[in-house]
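This report concerns only the one structure given below.
Below, chains carry the letters A, B, ... as their sequence lines are ordered, and counting in each starts from 1.
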Number of protein chains: 2
Amino acid sequence: MGLTDAKSVKHGIRAVAARAGVSTASVSRALNNPDAVSPSLRVRIEQAIDALGYIPHAPARILSSRRSRTLGAIVPTIDNTMFARGIASLQHYLSSVGYMLFLTTSGYDLDVELQQARNLISRGVDGLVLRGDCHHEGLRKLLADNAVPFINVGIYQPDRPYPCVGTDNEAGAHRAAAHVIELGHRRIGIVSALQRNNDRASARVAGFRRALTESGLELRSQWHVEVPYTLDDAREAARYLLGLKDRPTAVVCGNDVIAYGVLLEAERSGFSVPRDLSVVGFDDLDWSRHLRPSLTTIYVPTGETWQRAGEYLVRSLAGEQTIMHREIDFSLVVRESTAPPPKSLK
Amino acid sequence: MGLTDAKSVKHGIRAVAARAGVSTASVSRALNNPDAVSPSLRVRIEQAIDALGYIPHAPARILSSRRSRTLGAIVPTIDNTMFARGIASLQHYLSSVGYMLFLTTSGYDLDVELQQARNLISRGVDGLVLRGDCHHEGLRKLLADNAVPFINVGIYQPDRPYPCVGTDNEAGAHRAAAHVIELGHRRIGIVSALQRNNDRASARVAGFRRALTESGLELRSQWHVEVPYTLDDAREAARYLLGLKDRPTAVVCGNDVIAYGVLLEAERSGFSVPRDLSVVGFDDLDWSRHLRPSLTTIYVPTGETWQRAGEYLVRSLAGEQTIMHREIDFSLVVRESTAPPPKSLK
DNA sequence: TGCATATCTGAAAACGGTTACAAACTAGAC
DNA sequence: GTCTAGTTTGTAACCGTTTTCAGATATGCA
């Protein structure tokens, strides 16, 4: 245990340097760019590192290098299979390339989202992953002022000047509605998620509507209900729709959770799906194929979407060329919950 | 636009200080402890701050103060309603007290967990929230060496020297099994989660077993199956159990997801629940009350549990007195999936 | 008014790394 | 043996805050 200098250091890179008999610069290099240091030094430094159990101090590193190798993500809520999946996938990818993820939630509140963005920027994130393109106007300014790269995920808007990756929700919804129209349905109800501050939800409603209009079908206003993201609310909506004198024979839903609610409530109220009522979801969560009857829905590769978002930012930060607008394909998955309408109601 | 000094600064606390005509020390104080600065200075500083759109640089702050107001959490996976709930609740609480959460996942791998802990410590977290008390042996040393406070969540082990908060899983499982025993079942199967590296799962199995033993019932080894956390695996287990010549009349499950799988598979195979088979879950996730038949299960206040974990760490860090072992009560929720066994099989 | 005491404020040294720059080597060519 | 170019290493300034310490200013009281 050799004395080093007058003032010996206990922790940190200086302690490692002292123990290995090199300068802090070399230790730093050995850590960040091993090839920049000769093999002999490298092993000496590595020995010193694990002899001391040295753990680099990320904040100091960030301060000094102005890069954190950390991305931030702001999602409405984590308590939702869709986002949980996406985040899990993003996190998995990021850790594979040596990045970390700072995750925060906004609760569908744009002010909170802005605040969280400030928070994340303060934390020194290198880039930001945002849900959709519906943000507080201060957010764009904040991102621009601080030169923080970002990407909107879960939507596809090639005409907008912001990077995004996701499926074309309008087209997906159109496909879903077209499916029940092809089956012969003429009275089609919509149970959508709340459209306020949710461009994904609105795009889907737009797609549903366009399909109906193109087929010359009317969408009565009482056949369109908006509900929050819970099974209970969806069930209530179903109860209302099925209670109408002139009820729809098919219901297209803004997402799978809503569809589950509609399906459960229909069955509980004595309607048989798909004999009496057809139901279509959107997202294709796990439950969709397990439920009885299983749910016809639009499959969306959520994991891939979020991973691509991560790739976009990591590549941009590395100075590589990247695609600004990337579309992720959806597909219609036909299962048991849809069938032609009953003769009597046709 | 007054020139300040020879070298004028664009960003950072110095820019604010220059603009407000004060020292950086005062700006820092105005930010961290507003009462320590006179009202007149405070307003001048606040004006300068939002005139410049100044955002404090957290890493610098952490480096200098050696506190990050950030907690780390390592969960097996985020893609699981239980954890998603817990995390959401923890995050909500933390943000209410000005803390942030760094979330990482281990995928049920103790080595990865250790690595993530190192990662989080490197990031400068003030404390760590861990799942259960089943960790890599290097983890305890790491935590001790770096003096990082932590808490094991989701379990209750008053006899261990580590802080924890959670329900008594053994007792909960005992209650679940006792319920079907009270209903008259004598042939009781167990479908548990994988016990390896999962003390929660093992405690539940222990509880099931104790209940059986106390009632003088035998647990045949072929009536106990372990499955990963997916609906598909649980369904397969159910298929196996129900295919046995001498099948159980009731199945107690390690968690709700497993119970869903058993329930779905039973119904799909033509068994009626609870007439032909009783099923009990554990956790009481959302789906349990929506499913048909709804699921009898053990309610666990996950949100409260994780929030308490956060409270424990925040309070400890503030130097307050805290309770090291906190038990969170569970309760049995009887719904439609349990009933006395069929006469013929009694 | 003078003095002790409490309250505010500022100068400057950390905090633990990275990195520009310079110095010291090394190897190859003449 | 000298010179050049290339490689490896070290020195020290800097990243943007907090915080100690001391000086300045205000307050209370005799």
Is it the case that the side chains of B/Asn32 and B/Arg61 hold a donor-acceptor pair, with the cut-off being a distance below 3.5 Å and no angle test?
yes
In whole angstrom, what separates A/Ile121's CD1 from D/dG16's P?
16 Å
Figure out the NE2/P separation between A/His57 and D/dT17, and round it to whole Å.
16 Å
Checking B/Asp109 side chain against B/Asp111 main chain: does a donor-acceptor pair fall under 3.5 Å?
yes
Short side-chain to backbone donor-acceptor contact, B/Ser89 and B/Arg85, under 3.5 Å
no
Any A/Arg66 side-chain N or O less than 4.0 Å from OP1/OP2 of D/dC15
no
Take atom CZ of B/Arg69 and atom C1' of D/dT17, then tell me their distance rounded to the nearest Å.
16 Å
Would you say B/Ser23 places a side-chain N or O within less than 4.0 Å of OP1 or OP2 belonging to C/dT9?
no
Residues A/Arg118 and A/Gln115: side-chain donor-acceptor under 3.5 angstrom
yes
Where along residues 28-51 of chain A does a heavy atom fall under 4.0 Å from DNA chain D?
A/Arg29, A/Val37, A/Ser38, A/Leu41
B/Arg61 (side chain) and D/dG16 (base): donor-acceptor pair under 3.5 Å
no
Between atom CG in B/Leu63 and atom P in D/dC14, what is the gap in whole Å?
17 Å
Can you check the A/Tyr54 OH to C/dG16 C1' distance for me, whole Å?
7 Å
Could you tell me which residues satisfy side-chain contact (heavy atoms from CB on, under 4.5 Å) with A/Asp145, sequence neighbours excluded, listed by chain and number?
A/Lys141
Distance criterion of 3.5 Å, no angle test: do you see the side chain of B/Ser65 paired donor-to-acceptor with the base of D/dT18?
no
Kindly write out the residues that satisfy side-chain contact (heavy atoms from CB on, under 4.5 Å) with B/Arg308, not counting sequence neighbours, or none if the list is empty.
B/Val165, B/Glu304, B/Glu311, B/Arg326, B/Ile328
Rounding to an integer number of Å, can you tell me how far B/His11 NE2 sits from D/dG16 P?
9 Å
Closest-nucleotide 5' rank along DNA chain D - winner of B/Ala60 and B/Ser26
B/Ala60
Nearest whole Å is fine: how far is C/dA11 P from B/Ile13 CD1?
14 Å
Quick one: is the NZ or CZ of B/Arg19 closer than 6.0 Å to the six-membered ring centre of B/Tyr54, and within 45° of its axis?
no
